[in-house]
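Single-structure report; data block below.
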Amino acid sequence: MLDLTTQIGTLKLKNPIMPASGTFSEDLARVFDLDLIGAHVTKTITREKRSGNPTPRVCEVRGSMLNSIGIPSKGVEAFLANVIPFYAQYDAPLIVSISAGSADEFASLCEEVSVPGVAAIEVNISCPNIEEDGKAFAMRPSTTEAVMRKLRNATDLPLWAKLTPNTGETTEVAKAAEAAGADALVVSNTLLAMAIDIHTRRPKLGNLMGGLSGPAFKPIALRMAYQCAKSVDIPVIGCGGISNLEDVIEYLIAGAVAVQVGTATFIDPKIMVNMVDGIEAYLKSQGLHSVSQLVGSVEDGEVSDGLVFMEAAP
Amino acid sequence: MLDLTTQIGTLKLKNPIMPASGTFSEDLARVFDLDLIGAHVTKTITREKRSGNPTPRVCEVRGSMLNSIGIPSKGVEAFLANVIPFYAQYDAPLIVSISAGSADEFASLCEEVSVPGVAAIEVNISCPNIEEDGKAFAMRPSTTEAVMRKLRNATDLPLWAKLTPNTGETTEVAKAAEAAGADALVVSNTLLAMAIDIHTRRPKLGNLMGGLSGPAFKPIALRMAYQCAKSVDIPVIGCGGISNLEDVIEYLIAGAVAVQVGTATFIDPKIMVNMVDGIEAYLKSQGLHSVSQLVGSVEDGEVSDGLVFMEAAP
Amino acid sequence: MRTMALETPDTGDEVKPIHEVDCVVKSNDRVNDEYRLLVLDAPLKILDCEPGQFFHLLCPISGNLQPYLRRPMSIYGYYPDKGELHFLYKVTGEGTAAMATMKMGDTFNVLGPLGKGFDILPNWKNLLLVARGVGLATLAPLALEARRLNRNLTAICSARSKSVLMSLDYFRDLGVNVIALTDEDATSSVENMRRIIEALIADEGVDAMYTCGSNRILKLLQDVGKSHKIPGQIALEQQMACGFGMCQCCVRAFHREGIIVNERVCTEGPVFDLQEAIGC
Amino acid sequence: MRTMALETPDTGDEVKPIHEVDCVVKSNDRVNDEYRLLVLDAPLKILDCEPGQFFHLLCPISGNLQPYLRRPMSIYGYYPDKGELHFLYKVTGEGTAAMATMKMGDTFNVLGPLGKGFDILPNWKNLLLVARGVGLATLAPLALEARRLNRNLTAICSARSKSVLMSLDYFRDLGVNVIALTDEDATSSVENMRRIIEALIADEGVDAMYTCGSNRILKLLQDVGKSHKIPGQIALEQQMACGFGMCQCCVRAFHREGIIVNERVCTEGPVFDLQEAIGC
Ligand SMILES: Cc1cc2nc3c(=O)[nH]c(=O)nc-3n(C[C@H](O)[C@H](O)[C@H](O)COP(=O)(O)OP(=O)(O)OC[C@H]3O[C@@H](n4cnc5c(N)ncnc54)[C@H](O)[C@@H]3O)c2cc1C
Ligand SMILES: Cc1cc2nc3c(=O)[nH]c(=O)nc-3n(C[C@H](O)[C@H](O)[C@H](O)COP(=O)(O)OP(=O)(O)OC[C@H]3O[C@@H](n4cnc5c(N)ncnc54)[C@H](O)[C@@H]3O)c2cc1C
Ligand SMILES: Cc1cc2nc3c(=O)[nH]c(=O)nc-3n(C[C@H](O)[C@H](O)[C@H](O)COP(=O)(O)O)c2cc1C
Ligand SMILES: Cc1cc2nc3c(=O)[nH]c(=O)nc-3n(C[C@H](O)[C@H](O)[C@H](O)COP(=O)(O)O)c2cc1C
Ligand code: FES
Ligand code: FES
């Protein structure tokens, strides 16, 4: 028997494929049985209702996309009333993504969503910390640690910290999240980018800039996932540009125990299911019997810490 | 008459197209007349001979590439003896790219290459600062400022600071370089990334990780160039993923006074010449008469500083 | 002005499966200077469509044309009997340029049908459709449906010039009363359109109005609709990523119950109430 | 062991222009289970080649095959008289798979000719070529050149099986003495090869040896070359980006004057001195 399960702290997933926050919703149930994938991850919610950023919220760049959705949110009440019951019909664990502008608001939202039906909480700490200088929490180890400590006190559920690729201190931030009690890291959110329409000379996104996701982003997020897996003991969930089976395998080999698939679902809505099937076939073809045999199996030899943790290209 | 010239501090280029360091050499003279482009930029040199990184030094990622060449260098003597005389046969100004592991070494190399035939010095401060904690100079404003001050004292030639996209403090680093006397910014060097061969499970680059360049990198570098142009008064030279005429125009509109073309030359060795011709045709078609009319003409409206200088994707 | 986020997916409507299917291209010919008609050999399961719905198309990648995201395209015609799905499109950028390169026999991946189509309520007998340019692509299936339901349909079709006025024969063959207006004849002004519509209302009467796209026409029909209390619907466009509700890229703002609400064009639309719509 | 950086471009050689040209595909057929022969209609200016040189090919982009960098490929044949350029290639990944989709009449962009080819010194009368697998593609033009210069050429061709042994007829037609060895016949071992070579040296004598690729063969020929003082050359491969000297991606290490030097395969090579080469 092939063992596709993967362990993320106390949570065991039937397979390592799950959606990335903001690229998944109840609507995908119209395409396939949502119990075929390892977990469900909601779009980030905030406590209050929010309408999100101005349109256009998406634009295409060569072989990838930028988005500036922001975090439109129905608010926590609507979420508890409508979304959690919807996912209750599935066996796959529900991961709720949350965000807030201050550590205290973050903690109180975290408490509010720590309800039955929720298996873990993913904290989107790539949003600006309005109490400090407006920098996103996950830009710095200190702010990451501070917010994660408050969140840790606010819930007994597993806490996944979702990192940002915009920091120059990836491994320091990863270690800070671990030190403050995160149960897993999601690596990572989108990378700040921009596109300008040369005909109108206007930014292609209504919000001026947005986040790069999709294939172009993969080598960057993969590097981060690898660096994080090398620097912390908690599990790392890879995320960024994963578009096909090979990408999934690459992240697992790099050290991710599971992956999140985002933009690729927009191109091929069934891709996650195909990946689950593909992993099975791949393990078989390689004479392996479990996903965990792949995780972290990168042949990086006696590589020096200087290389593993380098922060600029050589 | 169409005016393709562009002014970079005291230096006037006949057009805004030049190669990016490390993607250009005397060899390109076998493809076109090197006086057709605005300037010549050498591969980064170091004082001593160096052999560079282990192979493979290049790998392909979706629609782009990673490299980990490192800085193989013939040393400054060979450079002064062979390279500078070669470029002396051309009118286009020669920009010499230099690097070193400490601010003092940097300064002394800077002095050594401040010779007739050199029009400006580009400082590749994306390399590790071996005196501090091994972080690249350009990762932080403080180390950027420190090294740029020493360099400023070491030469009277224009100094271009080449930034790294791996920092979380792009505009702070830009301002630090300006404060320390940089005459222009080159934005930017490659972004740290990784790829793993899923068959051998080995990193695709001999050096474990490398720098992403090419189309995938464009929206990121463009965002940085825009942010830098908004935050400093010295000219910004755009660099990153520029592959066709539209990309050139996009960078100029974003605020770059000139651009450097790297990876695209590997795909189409004549691309820089085509871009020069293309700009001329474009200006004509738009009823414009000079490149400077395009520079910084982005229609970003009454955009708040909060948006312009944001550091993580919304 | 308060702004409110949208509500969860319509619970009233039944939730139909969404199909992702490889179709074979039957033809892909130029119909005039600007537009092309793509005819696909399509399986029955994706031909259970409503006028106003759309598909999300995976444009081919070849050479310098490398579209990445899918492209939304209204259903121009769906024919379960002959197993055909039609799109009428204008080449405007990378994706549509790539579509234009497709040849008979090529495979083309489509996702759909998607979105909420037009309503034709039982008591709506005299229907009026006002379209400009490629908007006709979106409104054409209404003509077929009107005939199936035995309603009277008048179509005011406006375009830059006669040569790009499309679908007129198509409409006439379906018994539609066609009124063609062009810029080159100087007949397409808003004032002239208003005169024509007012005359129609005075003559046979109009029970419902349908349009899409143009801000000028939206404004005009909102005016006319308000003064004569005639209901209407409009099909709207917005940049899309997912095409069926997940990404929140495609929102537009609407007036509803005194506040402004955001709705997803791909899911709550692309067809919306005429009076609630806000131009852009 | 000291390591030294490479010197500036050979100043001895004249510096020829490099051409980037769109060619038209004349044919692109399978020659056996693993290899394809691409025949291009090529302009004269790119057909002034040397055996051992290569072109840098811009593989087509289509569907899921989206190669980005150019691919280096040895010249398998160049025929100024008929205006043809030939490549013999094995489908190993995205780029070569994309090449395999090309059809007669397609356009194909090539850059070259590039690199430094094989030498045949005036006093080298009896030439020996030892090749394995696709290495033949690189060595084949030597046969043509040997005939032009009226030298004797023996070719030891080794492969997995008879069915992938290529170019044998091509060689025979050029008057080459062909010795075919295969794994399936168990004739391709290094020991057997050594025996055969030693016999050749003992019989007619060997003035120069040429090979490419395989580490085992390199080692064998270095041994034989050293003990019999026979000079030789080897064509090497390395990952490339630019293909003509700018990027420093393609270096390999060589023994030279007691130290290790790095040389660019694309510019100082791909043909190097046999004894200086270091396997990988
Ligand atoms: C519901 C709906 C139905 C449509 N029906 C039709 C139709 O029947 N016929 C037709 O010709 N066009 C139709 N359009 C517009 C069509 O989607 C665009 O023309 C097409 O996406 C342009 O793609 P491109 O790559 O050629 O252009 P580009 O400008 O290169 O596209 C760049 C990006 O912008 C998006 N985009 C560009 N224009 C539009 C637009 N008007 N609406 C939404 N996204 C856009 C593209 O999808 C792509 O992601 C419809 C749009 C929507 C939303
Ligand atoms: C000077 C030279 C001459 C060559 N001549 C021939 C020939 O005549 N026939 C033939 O079949 N092959 C030849 N090769 C090998 C050929 O370049 C590779 O098979 C080809 O690049 C593989 O590309 P791919 O996209 O199909 O494979 P992938 O493995 O997908 O390629 C990924 C990347 O690795 C590079 N790469 C892969 N293998 C090699 C290799 N062996 N050498 C250099 N780069 C490689 C590719 O160029 C590409 O950038 C030659 C290589 C060199 C350097
Ligand atoms: C349209 C869109 C919306 C997103 N919304 C969120 C969000 O609400 N919260 C979050 O943590 N990440 C969000 N992301 C980031 C993704 O979860 C993911 O980290 C990123 O897209 C990289 O993965 P990908 O390349 O597979 O898309 C969003 C991404 C996209 C494309
Ligand atoms: C093969 C290669 C070698 C490079 N070497 C250098 C270098 O020596 N010094 C430097 O400052 N940048 C170097 N770069 C970075 C480029 O100058 C440029 O900043 C980067 O590639 C982004 O531009 P592009 O996307 O147009 O290639 C190198 C890039 C490549 C691809
Ligand atoms: S396009 Fe994704 S929600 Fe409408
Ligand atoms: S491939 Fe660029 S130097 Fe050889």
Side-chain angles (χ1 to χ4, degrees), chain A residues 53 61-64 66-70 126-128 134-136 138-140 164 166-169 189-196 198 200-203 207-212 215-220 222-223 226 246 249-250 253-254 297-300 303 306-308 310-314, chain B residues 53 61-64 66-70 126-128 134-136 138-140 164 166-169 189-196 198 200-203 207-212 215-220 222-223 226 246 249-250 253-254 297-300 303 306-308 310-314:
Chain A
N53 288 327
V61 291
R62 180 44 57 108
S64 285
L66 309 186
N67 88 79
S68 61
I69 311 292
S126 306
C127 52
K135 272 185 195 283
M139 290 294 287
R140 286 176 301 196
T164 173
N166 297 291
T167 180
E169 304 174 272
N189 218 309
T190 56
L191 186 47
L192 189 62
M194 186 177 189
I196 298 172
I198 66 165
T200 62
R201 299 196 195 168
R202 289 192 1 215
N207 199 51
L208 192 63
M209 301 179 204
L212 176 71
F217 178 47
K218 195 194 71 177
I220 303 159
L222 180 81
R223 179 264 299 175
Y226 170 82
E246 288 71 33
I249 308 292
E250 195 177 2
I253 291 174
S297 63
V298 54
E299 301 275 353
D300 50 6
V303 68
L307 280 187
V308 172
M310 65 176 142
E311 285 172 330
Chain B
N53 287 327
V61 291
R62 181 44 58 109
S64 285
L66 310 185
N67 87 79
S68 61
I69 312 291
S126 306
C127 51
K135 271 185 196 282
M139 289 294 286
R140 286 177 298 197
T164 173
N166 297 292
T167 180
E169 304 173 272
N189 218 309
T190 57
L191 184 47
L192 190 61
M194 185 176 189
I196 298 173
I198 66 165
T200 62
R201 299 195 194 169
R202 286 184 11 206
N207 199 51
L208 191 62
M209 300 178 204
L212 176 71
F217 178 48
K218 196 195 69 176
I220 304 158
L222 179 81
R223 178 264 300 175
Y226 170 83
E246 289 69 35
I249 307 292
E250 195 177 2
I253 292 174
S297 63
V298 55
E299 301 275 353
D300 50 5
V303 67
L307 279 188
V308 173
M310 65 177 145
E311 285 173 326

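Remember, it's a predicted structure, so these values are computed and weren't measured experimentally. In what follows, every chain begins at residue 1, and chains take the letters A, B, ... in the order their sequences are listed. Values reported hereafter were calculated over all heavy atoms of this structure, with side chains retained and with hydrogens, waters and symmetry mates removed.
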Fill in: L307(B), part contacting chain A, at a heavy-atom distance under 4.5 Å
both
Discussion item. I need the residue from N67(B), I249(B), T200(B), I69(B) with the largest number of non-hydrogen atom pairs under 4.5 Å to chain A.
Written reply: I249(B)
Practice prompt. Please state whether the side chain, the backbone, both or neither of I198(A) comes within less than 4.5 Å of a heavy atom of chain B.
Written response: both
Worksheet item: Which answer fits V303(A), side chain, backbone, both or neither, if we ask what part of it has an atom under 4.5 Å from a heavy atom of chain B?
Response: side chain
Worksheet item: Which pair of heavy atoms, one from L191(A) and one from A313(B), lies closest together, and at what distance?
Response: C-CB, 4.5 Å
Worksheet item: Between G306(B), A216(B), S68(B), which has the largest tally of heavy atom pairs under 4.5 Å with chain A?
Response: A216(B)
Item to complete: Please state whether the side chain, the backbone, both or neither of L66(A) comes within less than 4.5 Å of a heavy atom of chain B.
Response: side chain
Item to complete: Measure across L222(A) and M194(B) and return the closest heavy-atom pair with its distance rounded to 0.1 Å.
Response: CD2-O, 3.4 Å
Response to the item:
Closest non-hydrogen atoms of N207(B) and M310(A), given as atom of the first, atom of the second and distance, are O-CE, 3.7 Å
Fill in: Partner chain B: residue of G63(A), A136(A), A195(A) with the largest heavy-atom pair count (under 4.5 Å)
A195(A)
Practice prompt. Among the options L212(B), T167(B), V298(B), I253(B), pick out the one with the most heavy-atom pairs lying under 4.5 Å from chain A.
Written response: I253(B)
Fill in: Any side-chain heavy-atom pair of N166(B) and E311(A) under 4.5 Å
no
Worksheet item: Is the shortest heavy-atom distance from the side chain of I220(A) to the side chain of I220(B) under 4.5 Å?
Response: yes
Discussion item. For a salt bridge (charged side-chain N to carboxylate O under 4.0 Å, His left out) check, start with the C-alpha distance between R201(A) and E299(B), then their side-chain angles and the critical distance, and finish with the verdict.
Written reply: CA-CA 6 Å; R201(A) 299 196 195 168; E299(B) 301 275 353; 5.9 Å; no
Item to complete: Pick one of side chain, backbone, both or neither for N189(A), based on which atoms fall under 4.5 Å of a heavy atom in chain B.
Response: neither
Discussion item. Between T164(A) and chain B, with a heavy-atom cut-off of 4.5 Å, which part of the residue counts as in contact: side chain, backbone, both or neither?
Written reply: side chain
Worksheet item: Can you check whether L208(A) reaches D300(B) side chain to side chain, under 4.5 Å on heavy atoms?
Response: yes
Practice prompt. Please flag which part of M139(A) lies under 4.5 Å from any non-hydrogen atom of chain B: side chain, backbone, both or neither.
Written response: side chain
Worksheet item: Between K218(A), R62(A), R202(A), which residue shows the highest count of heavy-atom pairs closer than 4.5 Å to chain B?
Response: R202(A)
Discussion item. With chain B as the partner, which of P203(A), A254(A), S64(A) has the greatest number of non-hydrogen pairs under 4.5 Å?
Written reply: P203(A)
Worksheet entry | For the student: nearest non-hydrogen atoms of S126(B) and A312(A), plus distance | O-CB, 3.6 Å
